[in-house]
Amino acid sequence: MGESPKVNPENLLEIVKGAYQGKVVLPEFQRSFVWGREDIEEFLASILQGYFVGTFLMLDTSPDSPLFPFRPVEGLAQVNGQANPKEHSTVRLVLDGQQRITSVFYALYAPAIPLRNSKHPYKFYLRLEPTLEGDFDEAIVGVSTWDKRQLSENEALVRQHRALPFTLLADSGAFRRWLFKEQQVWGEDEQTIFDEFYSRFEKFMVPVVNLSSNTNKDNIVNIFERINRTGVSLSLFDLAVARLYPKEVKLRELWEQFKKEHPGVAGLIKPEFLLKVIAVFQGKEPRKGNLLDVLDGLTAEEFLERWREAAEAIVLAHERVRVEYGAFEPGWIPYTTLLVPLGALLWKLKRDKAGQAAYENVDAWYWGSVFAQRYDSAVDSKTYRDFGEVSRWIEGGDPPEWLRRLDPQSLNLDVDEPRSAVYKGLMCLIARRGARDFLTGQPANLNECQDDHIFPKAVYQKDHRVNSVFNRTLISKETNNRKGDKRPSEFLQECLEGHAHNQEKLQATLDSHYILPAAYEALCRDDFEAFVEARSRALREAVAKLLDPSAEGQGGA
């Protein structure tokens with residue numbers, strides 16, 4: 001029998017640099033890169049805090065006669081098109097660790113490729129003030145390149161030397177030149193702390209099982225399948241299960257019971273969400289470092305009671321998001337992470353038998369968080385802060401300062417990224433307004449509707465705003481097929497026939513999509529730009545009124 005492969009420590013950044021050089025590659029049987037922004041942020045935070053991030057499995061092989069066909073790490077062509085694996089005598093195939101390696105590669109080299117389920121690339125930043133405090137939930141931020149406002153904010157912090165693009169961390173010389181020569185903001189004490197953090201990042205070691213090219217191919221496939229089947233890293237929930245076991249609290253059974261009773265909710269969230277609600281109820285920020293301490297401070301009876309309350313809170317939040325906020329399908333929820341603070345607030349309102357005004361305040365906070373994209377980053381700290389600030393508001397205090405200062409006209413609502421919170425939020429507004437069928441004027445079955453263009457893409461594809469959410473709405477499959485690639489003026493004639501040639505009735509149907517008179521007139525003229533501007537005004541006015549609990553009506557064009 002051959003010698004068993006050994007685990008050896010290797011520098012993670014050197015592995016990533018190997019990917020940049022074309023020496024570290026992926027076997028073709030590996031799936032594509034599927035991690036999203038949140039996954040990358042969490043992994044980078046784990047590295048900067050020195051946490052264990054799992055074992056990697058690599059296979060050495062000849063690039064000319066490899067054991068398996070291979071491909072470069074995704075994005076390599078965009079950032080180093082000259083890299084050629086065949087220039088190396090040996091290449092290293094990543095059998096396990098692709099998502100982790102590619103995520104660091106993506107952050108450090110910023111290839112111009114979108115992440116999973118997005119249309120635009122992301123850039124990652126390290127904010128320095130939260131880094132000093134060890135608050136990596138706040139410090140590490142991924143920003144979509146379509147989000148000009150957040151991109152501008154982070155680039156401004158970079159110019160002020162209060163943030164760094166992660167691309168600077170790819171080169172130790174460039175980082176230390178910036179730290180000790182170029183920036184004038186941070187003193188010697190802060191420089192020492194930043195240098196220590198960077199050294200941890202630069203020298204971060206991971207355990208690597210390296211298979212030789214002599215390893216039997218069938219054995220390699222068997223190892224790969226076994227790792228992918230069993231190599232699940234220990235989650236926070238697993239740690240909580242172990243921490244509560246001595247108290248005879250069977251946490252896994254509690255979660256299974258929750259899944260059985262609320263399958264629709266359980267399919268949306270991680271079990272840690274309930275633990276985070278418990279932390280908020282206990283007056284603690286629900287970040288990972290606090291959660292286990294919160295559990296330690298509760299007796300078994302206290303934990304069980306808090307778990308029951310947290311479960312009720314999450315269910316209340318899911319119901320309100322689905323029924324009141326227009327997220328008729330799970331995919332339309334702008335942020336599932338918002339269910340934690342929303343649930344905690346709704347549970348408090350229910351317990352206190354609060355009135356309508358209190359719910360309107362919570363609604364304004366919710367919509368403000370969605371359209372200001374507040375839960376794109378620093379989720380745990382915002383959850384804790386928002387619960388306290390909104391609680392004080394509904395008890396007679398002032399609204400949160402960020403909400404008071406939020407200018408609806410400054411919001412970037414002109415988005416074409418269906419995964420963004422803004423896009424989903426606007427579609428939810430259309431859903432909660434009624435979104436009647438264009439051809440019949442009858443209530444549409446939203447669960448069967450398609451998100452599609454009003455001015456057809458095939459005809460107006462040269463217009464850079466054709467994919468804008470202002471040119472999209474919820475349309476039934478049958479109506480969408482009838483609409484096809486017809487110009488709006490042509491399709492409107494069919495819609496008018498379906499409304500007995502009654503323009504007022506047709507306008508009422510269009511109104512349910514925030515297509516008000518000015519936009520209707522633009523449709524009749526096939527005037528794309530006028531339509532987008534008119535619909536933009538209608539949606540912006542609707543958003544403005546959502547942010548102001550005292551506003552009346554639903555806005556006009």
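All values reported here derive from a predicted model rather than from experimental measurement. Throughout, residue positions are numbered sequentially from 1 according to the sequence presented.
Exactly one residue among Thr337, Asp380, Thr383 makes a side chain to side chain donor-acceptor pair (under 3.5 Å) with Lys276. That residue is Asp380. Of the listed residues (Tyr366, Tyr359, Tyr335), just one forms a ring pair (Phe, Tyr, Trp, His ring centres under 6.0 Å) with Tyr325, and that residue is Tyr366. Considering Val294, Val277, Leu295, Ile278 in turn, Ile278 is the only one that fulfils the side chain to side chain contact (heavy atoms under 4.5 Å, CB included) rule with Arg306.
Note on Lys350 versus Glu312: salt bridge recorded, some NZ/NE/NH1/NH2 to OD/OE distance being below 4.0 Å.
Between Val469 and Leu413, the closest heavy-atom pair is CG1-O, 3.4 Å. Gly326 and Ala431 make their closest contact through O-CB, 3.5 Å (heavy atoms, listed as atom of the first residue, atom of the second, distance). Heavy-atom minimum distance, Ser476 versus Cys449: N-SG, 3.8 Å. The minimum heavy-atom distance between Leu346 and Leu316, with the atom names listed, is CD1-O, 3.6 Å. A pairwise comparison of heavy atoms in Trp367 and Cys428 identifies CH2-CB, 4.2 Å as the closest pair. The minimum heavy-atom distance linking Arg419 with Lys424 is given by the pair O-CE, 3.8 Å.
Trp146 has its side chain out of reach of Leu151: every pair of non-hydrogen atoms, C-beta onward, lies at least 4.5 Å apart. Counting heavy atoms from C-beta outward, Asp296 and Arg243 have side chains that approach closer than 4.5 Å. Looking at heavy atoms from C-beta onward, Leu298 lies in side-chain contact with Gln282 at the 4.5 angstrom threshold. Between Val94 and Met58 there is a side-chain heavy-atom pair separated by less than 4.5 Å. For the pair Phe166/Leu126, a side-chain contact is recorded, criterion being any heavy-atom separation below 4.5 Å from C-beta on. Using a 4.5 Å heavy-atom threshold, the side chains of Leu128 and Leu164 count as touching. For the pair Asp386/Pro400, no side-chain contact is recorded, criterion being any heavy-atom separation below 4.5 Å from C-beta on. Residues Leu275 and Trp307 form a side-chain contact, since some pair of their non-hydrogen atoms from C-beta on lies under 4.5 Å apart.
Side chain of Gln442 to backbone of Asp437: no donor-acceptor contact under 3.5 angstrom is found. Under the 3.5 Å distance criterion, the side-chain polar atoms of Arg200 are matched with a main-chain donor or acceptor of Leu48. In this structure, Ser118 contributes its side chain and Pro114 its backbone to no donor-acceptor pair below 3.5 Å. A side-chain donor-acceptor contact under 3.5 Å links Asp39 to the backbone of Gly36. Using a distance-only test at 3.5 Å, with no hydrogens or angles considered, a donor-acceptor pair links the side chain of Arg100 to the main chain of Thr55. Listed for the His513 side chain is no donor-acceptor partner under 3.5 Å among the backbone atoms of Ile430. The backbone N or O of Ser377 sits less than 3.5 Å from a side-chain atom of Lys382, completing a donor-acceptor pair. Asn290 places a side-chain N or O within donor-acceptor distance of the main-chain N or O of Glu285, the cut-off being under 3.5 Å. With hydrogens and angles ignored, the 3.5 Å screen pairs a side-chain donor or acceptor of Thr145 with a backbone N or O of Pro121. Of the possible polar contacts, none joining the Arg374 side chain to the Ser369 backbone as a donor-acceptor pair under 3.5 Å is found.
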| request: Any chance you could lay out the salt bridge (Lys or Arg N to Asp or Glu O under 4.0 Å) test for Arg162 and Glu129, step after step, and finish with the verdict? | output: CA-CA 7 Å; Arg162 294 167 57 202; Glu129 288 168 345; 3.7 Å; yes

| task | Go through the steps to decide whether Glu417 and Asp147 satisfy the test side chain to side chain contact (heavy atoms under 4.5 Å, CB included), and finish with yes or no. | result | CA-CA 10 Å; Glu417 176 57 79; Asp147 191 344; over 6 Å; no

| message | Run the ring-ring contact (aromatic ring centres under 6.0 Å, His included) test on Phe197 and Phe136 for me, step by step, so that the C-alpha distance in whole Å, both residues' side-chain angles and the decisive distance to 0.1 Å come before the verdict. | response | CA-CA 12 Å; Phe197 271 120; Phe136 292 100; 5.4 Å; yes

| request: Take Phe237 and Trp255 through the side chain to side chain contact (heavy atoms under 4.5 Å, CB included) test and state the conclusion after the steps. | output: CA-CA 10 Å; Phe237 186 72; Trp255 173 244; 3.7 Å; yes

| message | Let's go through Arg392 and Glu389 carefully: what are the C-alpha distance in whole Å and the side-chain angles of both, what is the deciding distance for salt bridge (Lys or Arg N to Asp or Glu O under 4.0 Å) to 0.1 Å, and is it a yes or a no? | response | CA-CA 5 Å; Arg392 289 188 287 275; Glu389 290 180 349; 5.0 Å; no

| task | Please report the C-alpha distance between Arg320 and Asp363 in whole Å, then the side-chain angles of each, then the deciding distance to 0.1 Å, and finally whether the side chain to side chain contact (heavy atoms under 4.5 Å, CB included) criterion is met. | result | CA-CA 10 Å; Arg320 192 163 190 84; Asp363 294 344; 3.2 Å; yes

| field | Residues Glu153, Arg149; criterion salt bridge (Lys or Arg N to Asp or Glu O under 4.0 Å); working and verdict | value | CA-CA 6 Å; Glu153 288 176 0; Arg149 181 182 63 82; 2.9 Å; yes

| task | Start with the C-alpha gap between Leu338 and Val370, add the side-chain angles, then the distance that decides, and say whether side chain to side chain contact (heavy atoms under 4.5 Å, CB included) holds. | result | CA-CA 9 Å; Leu338 257 177; Val370 168; 4.0 Å; yes

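To the nearest 0.5 Å, atoms CG (Asn210) and CG (Leu95) are separated by 9.5 Å. Between atom NZ of residue Lys545 and atom CG of residue Leu429 there is a gap of 13.0 Å, rounded to the nearest 0.5 Å. Note that the CD atom of Gln99 and the CD1 atom of Ile40 stand 9.5 Å from one another [nearest 0.5 Å]. Note: Phe371 CZ to Leu411 CG = 8.5 Å, rounded to the nearest 0.5 Å.
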All N/O donor-acceptor pairs, side-chain side in residues 8-16, below 3.5 Å, sequence neighbours left out:
residue, atom, partner, partner atom, Å
Glu10, OE1, Arg92, NH1, 2.9
Glu10, OE1, Arg92, NH2, 3.4
Glu10, OE2, Arg92, NH2, 2.9
Asn11, OD1, Leu13, N, 2.9
Asn11, OD1, Glu14, N, 2.9
Asn11, ND2, Glu202, O, 2.8

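Annotation for Lys284: atom NZ does not count as buried by contact number, only 12 or fewer foreign heavy atoms lying within 6.0 Å. The environment of Arg404 atom CZ is dense: over 12 non-hydrogen atoms of other residues, nucleotides or ligands sit within 6.0 angstrom. Crowding of Tyr384 atom OH: a count of heavy atoms from other residues, nucleotides or ligands under 6.0 Å not exceeding 12. Applying the 6.0 Å contact sphere to NZ of Lys348 captures more than 12 heavy atoms from other residues, nucleotides or ligands. Annotation for Lys119: atom NZ counts as buried by contact number, over 12 foreign heavy atoms lying within 6.0 Å.
Trp332 and Tyr423 have parallel rings, their planes meeting at less than 30° on a 0 to 90° scale where 60° marks the start of perpendicular. Classification of the Tyr109-Phe105 ring pair by plane angle, with boundaries at 30° and 60°, yields tilted. In this structure, Phe124 and Tyr122 have tilted ring planes: the angle between them lies in the 30° to 60° band.
Phe281 has its ring centre less than 6.0 Å from the ring centre of Trp347.
For Asp416 and His120, the side-chain atoms include at least one donor-acceptor pair closer than 3.5 Å.
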